[in-house]
Amino acid sequence: MGKISVIIPTHNRADLLPRAVRSVQNQTRAVDEIIIVSDGSTDNTEETVKALAEQDERIHLIAYHPGRNGNYARNRGIEAATGEFIAFLDDDDEWLPRKTELQMELFEKDPEVGLVYSSQNCIYLDTGITYQTQPMWRGDLSKRIFIRGEMGTPSQVMVRKKVLDNTGLFDLNLEALQDYDLWIRCCLVTKVDFVPEPCINYYNSTNTDQVSSKTDKYIKSRLYIREKYRDEIAKFGKEFEQKVDIIVRNRIAERCMRNGQNREARRYAVKAWRIRPSKISFILVVASFFPYSFIVKVRSAIKSRNLYWHIKDMWS
């Protein structure tokens, strides 16, 4: 029975934090420690955590000023963790009750699996739209991870601590896509598995102010990651390199649309098309003429029908 450490980075979300903590406390397989890292919070976060800790001795607070960022906070939590398994939870998300139970079953089934992710419910609070993500890939993802960011958000993932000892922690040079960068390094050294049913509620918005919504940071991070793993990508040949470059530009186009920068989205989709024409680049160009809220509705409809799998194969 491995010991599980949960790391919750937080910044000025004392109102949301108790919901996240409760979702950890309600797990059918109990965790062993809950490390809450307050990244320069100036509200009553620290008082809130201390009150929670009085009722649950598993809760430990790390607080510092000034704030650095989510990467730094997660790294501080990992360094303090004593568990054999590390799980993450963002302060505005919540786990569903069987998350740790289902993920630990997979770790115990195969000792070679070093990372387990799960499906999630994507909930758009401003539109009332909810859809479920569908994991597809397991095993050796050392190639596929460069064309599919399959692991998703930190809240979906549990990883063996010894894997992180091998890969290193979150890259402090990145202002976005920190999780994807770490999942790449994990996939290069360990097998991966997934829980097909949703294990978290991921709260989102078509008008989000989350870090992922900062377009310039996202673009810079996408290009940084492409360069960081240039040698690893090149090992798979020129055709694969070209495919990665197309996907990088299409992903940027999709993020620009999410953030209401449709003209910029078209520009990157056209760049992808010029490398090699593809259905996805064409779809993105067409989609860029519509508001993102409409795209979310279409995506939700697709994910509830068999079309989803066809389109997911196109992305891959």
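Side chains are part of it too, since the values below use all heavy atoms of this structure and drop only hydrogens, waters and symmetry mates.
- By the 6.0 Å contact criterion, CD on Glu239 is open, its count of non-hydrogen atoms from other residues, nucleotides or ligands being 12 or less.
- For the pair Tyr117/Trp183, no side-chain contact is recorded, criterion being any heavy-atom separation below 4.5 Å from C-beta on.
- Nearest heavy atoms, Phe240 versus Ile233: CD2-O, 3.8 Å.
- For residues 61-83, every residue pair satisfying the salt bridge (charged side-chain N to carboxylate O under 4.0 Å, His left out) rule, not counting sequence neighbours, is listed here: Arg74-Asp90.
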Q.
Is there a side-chain hydrogen bond (donor to acceptor under 3.5 Å, both in side chains) between Thr82 and Glu33? Walk through the geometry before answering.
A. CA-CA 8 Å; Thr82 61; Glu33 62 181 1; 3.1 Å; yes

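- Separating the CE atom in Met136 from the OG atom in Ser119 is a distance of 13.0 Å, to the nearest 0.5 Å.
- Across Pro198 and Leu96, no two heavy atoms sit closer than the pair O-CD1, 3.5 Å.
- No donor-acceptor distance shorter than 3.5 angstrom exists from the side chain of Ser281 to the backbone of Pro277, with no hydrogens or angles considered.
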**Q.** Intermediate values then yes/no, side chain to side chain contact (heavy atoms under 4.5 Å, CB included), Leu223 and Ile219
**A.** CA-CA 6 Å; Leu223 299 177; Ile219 294 172; 4.1 Å; yes

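- Atom-to-atom distance recorded for Ser38:OG and Asp43:CG is 7.5 Å, nearest 0.5 angstrom.
- Separating the CG atom in Leu164 from the SG atom in Cys186 is a distance of 5.5 Å, to the nearest 0.5 Å.
- For the pair Val163 and Ile86, the minimum side-chain heavy-atom distance is 4.5 Å or more.
- Remark: Arg266 is positioned above the aromatic ring of Phe289, its terminal NZ or CZ atom under 6.0 angstrom from the ring centre and at most 45 degrees off the axis.
- The distance from atom CE of Met158 to atom SG of Cys199, rounded to the nearest 0.5 Å, is 9.0 Å.
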Q | Trace of the side chain to side chain contact (heavy atoms under 4.5 Å, CB included) decision for Glu175 with Asn69 | A | CA-CA 8 Å; Glu175 296 182 284; Asn69 55 38; over 6 Å; no

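- By the 4.5 Å heavy-atom criterion applied to side chains, Trp95 and Leu89 are counted as neighbours.
- Within the 3.5 Å criterion, the main-chain N or O of Ser5 finds no donor-acceptor partner in the side chain of Asp32.
- Within the 4.5 Å cutoff, no side-chain heavy atoms of Val285 are placed close to those of Trp273.
- Test Asn201, Asp93, Thr133, Thr130 against Asn121 for side-chain hydrogen bond (donor to acceptor under 3.5 Å, both in side chains) and you get one pass: Asn201.
- Put simply, the side chain of Ile200 reaches to within 4.5 Å of the side chain of Thr153, judged on heavy atoms.
- A donor-acceptor distance shorter than 3.5 angstrom exists from the side chain of Asn71 to the backbone of Asp171, with no hydrogens or angles considered.
- The main-chain N or O of Tyr72 is never found under 3.5 Å from a side-chain atom of Asp39 such that the two would form a donor-acceptor pair.
- Residues Pro154 and Asp179 are in side-chain contact: their nearest non-hydrogen atoms beyond the backbone lie under 4.5 Å apart.
- At distances below 3.5 Å, at least one donor-acceptor pair connects side-chain atoms of Asn262 with backbone N or O atoms of Phe290.
- Taking a cutoff of 4.0 Å between a charged side-chain nitrogen and a carboxylate oxygen, Lys109 and Asp193 do not qualify as a salt bridge.
- If you take NZ on Lys228 and CG on Asp181, they are separated by 3.5 Å, rounding to the nearest 0.5 Å.
- Remark: side-chain polar atoms of Gln27 are paired, donor with acceptor, to backbone N or O of Ser23 under 3.5 angstrom.
- Under a cut-off of 6.0 angstrom, the local environment of CZ in Arg276 is crowded, with over 12 non-hydrogen atoms contributed by other residues, nucleotides or ligands.
- The shortest non-hydrogen separation linking Ser41 to Thr10 is OG-O, 3.7 Å.
- Remark: Lys220 NZ is loosely packed, at most 12 non-hydrogen atoms of other residues, nucleotides or ligands lying under 6.0 Å away.
- At least one cation-pi condition fails for Arg258 and Tyr218: the charged atom is not both under 6.0 angstrom from the six-membered ring centre and inside a 45 degree cone around its axis.
- Between Val37 and Ile7, the shortest heavy-atom contact is CG2-CG2, 4.5 Å.
- Remark: side-chain polar atoms of Arg185 are paired, donor with acceptor, to backbone N or O of Thr167 under 3.5 angstrom.
- Taking a cutoff of 4.0 Å between a charged side-chain nitrogen and a carboxylate oxygen, Lys50 and Glu47 do not qualify as a salt bridge.
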Q: Take Ile184 and Glu232, measure what side chain to side chain contact (heavy atoms under 4.5 Å, CB included) needs, and give me the verdict at the end.
A: CA-CA 10 Å; Ile184 289 173; Glu232 286 81 0; over 6 Å; no

Q: Take Met104 and Val116, measure what side chain to side chain contact (heavy atoms under 4.5 Å, CB included) needs, and give me the verdict at the end.
A: CA-CA 8 Å; Met104 287 300 295; Val116 175; over 6 Å; no

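- Between Phe236 and Phe146, the ring-plane angle classifies as tilted under the 30° and 60° cut-offs.
- A salt bridge does not link Lys235 with Asp231: none of the charged nitrogens is closer than 4.0 Å to a carboxylate oxygen.
- Scored by the side chain to side chain contact (heavy atoms under 4.5 Å, CB included) test, Glu101 finds Thr28, Arg29, Arg98, Glu105 as partners (sequence neighbours excluded).
- Closest approach of Met257 and Ala265 over heavy atoms only: CG-CB, 3.4 Å.
- Formation of a donor-acceptor pair under 3.5 Å by the Asn259 side chain with backbone atoms of Gln261 is not found in this model.
- Both tests hold for Lys271 against Tyr268: distance to the six-membered ring centre under 6.0 Å, angle to the ring axis within 45°.
- Pairing each heavy atom of Ala272 with each of Asn250, the nearest pair is CB-OD1, 3.2 Å.
- By the 4.5 Å heavy-atom criterion applied to side chains, Gln25 and Ile59 are counted as neighbours.
- Hydrophobic clustering of Ile, Leu, Val, Met, Phe, Trp and Tyr side chains at less than 4.5 Å, counting indirect connections, keeps Leu284 apart from Ile275.
- Taking CZ from Phe85 and CZ from Arg160, the interatomic distance works out to 4.0 Å, rounded to the nearest 0.5 Å.
- Heavy-atom neighbours of Phe282 CZ from other residues, nucleotides or ligands within 6.0 Å: at or below the threshold of 12.
- With hydrogens and angles ignored, the 3.5 Å screen pairs a side-chain donor or acceptor of Gln103 with a backbone N or O of Gln156.
- Cluster membership for Ile246 and Ile145, using ILVMFWY side-chain heavy atoms within less than 4.5 angstrom, is not shared.
- Side-chain contact between Arg19 and Leu16 is present, with at least one heavy-atom pair separated by less than 4.5 Å.
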